[in-house]
Amino acid sequence: MVKLKIPDHQVAGHQAKTGIIGPLIDDSGKFYKPLQDDERGSNELAFYTSLYSDPRIPSNILKFFPSFHGTEVVDASDGSGLHPHIVLEDIVSNYTNPSVADIKIGSRTWHPQSSEDYIRKCLQKDRETSTIKLGFRISGLRSMGPTNQLWQPHRKVLMDLSAEDAMLILRKFVSSDGNVDEPDCVFASRVFVHVLEELLELKKWFEVQTIFHFCSCSILVVYDKEEIEAKKSARAVVKLIDFAHVVDAKGAIDHNFLGGLCSLIKFVKDILAGLSDVETSNPKP
Ligand SMILES: Nc1ncnc2c1ncn2[C@@H]1O[C@H](COP(=O)(O)OP(=O)(O)OP(=O)(O)O)[C@@H](O)[C@H]1O
Ligand SMILES: O=P(O)(O)O[C@@H]1[C@H](O)[C@H](O)[C@@H](OP(=O)(O)O)[C@H](OP(=O)(O)O)[C@H]1O
């Protein structure tokens, strides 16, 4: 049987703690997400099961999704015994000290088809966080400095961000040390120029796709500072994750996701535009 462990680099969502079921990883680069036993689990599984054979999804868009390896029944992280897990590509497995940001996209994390109770719960969180204000919220983030100093703002700090705060957090994410008031943004150009390209590619698809509405889905941005410094070819990775609340678009554009994506793009562009010549070796967008 494969040996599984609790991931070190998870930044948001249901996390394995004593008595709590959470994701696991193996050492071959796979991420085991516990299958939730309500419709969230079946919905996410159905999404992944049809995604890679769906002829409507262009190949340049498929790269934004983690690869899917079916389901496996393995020992749950909470010691409760065997439990089915969705087996995915572990997006951070190739990194030793990854910096990771989970950004939940959309000014609404619920779908009108959801129950009243669920909508009430989500709406409260959407109001308390930057979701409604900015069209996205930073659900979790970690930034590992070149001398291995970890900066991982507490969930409570991330819950209530103004536009200015979100901008500062994103600038810190691409700095040598996030734990300072004046971030140096030394990685901003190398990381965000490519992230911007990826987000613009996604936006192009979201402007026309009428297949899915991605409620409560996140963009995961991952990069490694040491690798970025050492290798000219190193780039950040941009992936979509969390499809428990994807619904049929019924022929309509996903304006909720598209709007949030445009807002995030604006933040990234503004950060790049604000870089001084010292901070950037790439041309400004
Ligand atoms: N394929 C993956 N590879 C590596 N890490 C992942 C992957 N999928 C998710 N993660 C990590 O797990 C976290 C939670 O993922 P996800 O949103 O899928 O879980 P969730 O429990 O459904 O979250 P939520 O409570 O927001 O609905 C992410 O923030 C990320 O750190
Ligand atoms: O962002 P936070 O504060 O971590 O809160 C969680 C987040 O809103 C998730 O999206 C939600 O799962 P769903 O979207 O799948 O409902 C989860 O609900 P849960 O605790 O009921 O699972 C919340 O706890």
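First listed ligand is number 1; within each ligand, the first listed atom is number 1. Computed from a predicted structure; not experimentally measured.
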Worksheet item: Taking both backbone and side-chain atoms of Asp242, is any N or O found less than 3.5 Å from an N or O belonging to ligand 1?
Response: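 Indeed, backbone or side chain, Asp242 has an N or O that close.
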
Fill in: Geometric N/O contact Val92 with ligand 1, under 3.5 angstrom
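For ligand 1, there is no N or O atom that lies under 3.5 Å from one belonging to Val92.
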
Worksheet entry | Joint cluster assignment, Leu200 & Phe136, ILVMFWY side-chain distance < 4.5 Å |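 Yes, same cluster.
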
Which ligand 1 atoms are under 4.0 Å away from a heavy-atom of [X]?
| X | value |
| --- | --- |
| Glu89 | 1 (N), 2 (C), 3 (N) |
| Ile241 | 8 (N), 9 (C), 15 (O), 28 (C) |
| His14 | 20 (P), 21 (O), 25 (O) |
| Lys33 | 16 (P), 18 (O), 19 (O), 20 (P), 22 (O) |
| Asp90 | 3 (N), 4 (C) |
| Lys104 | 26 (O) |

Please state which part of [X] comes within less than 4.0 Å of ligand 1, counting heavy atoms only: side chain, backbone, both or neither.
| X | value |
| --- | --- |
| Val11 | both |
| Gln36 | neither |
| Ile91 | both |

Ion pair present between [X] and [Y], side-chain N to carboxylate O less than 4.0 angstrom?
| X | Y | result |
| --- | --- | --- |
| Arg137 | Glu128 | no |
| Glu207 | Lys203 | yes |
| Glu198 | Arg235 | no |
| Lys266 | Asp270 | yes |

Discussion item. Please state which option from Ile103, Asp102, Thr109 has its nearest heavy atom closest to atom 28 (C) of ligand 1.
Written reply: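 Nearest option to atom 28 (C) of ligand 1, by heavy atoms: Asp102.
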
Worksheet item: Residues two or more places apart in sequence or in another chain: which of them pass ring pair (Phe, Tyr, Trp, His ring centres under 6.0 Å) with Phe65?
Response: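 By the ring pair (Phe, Tyr, Trp, His ring centres under 6.0 Å) rule, Phe65 matches Phe47, Phe243.
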
Worksheet item: What pairs with Asn94 under side chain to side chain contact (heavy atoms under 4.5 Å, CB included), at least two apart in sequence or on another chain?
Response: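 Here no residue qualifies.
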
Worksheet item: What are the two closest heavy atoms between Asp102 and Ser218, and how far apart are they?
Response: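 Closest heavy-atom pair between Asp102 and Ser218: OD1-OG, 2.6 Å.
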
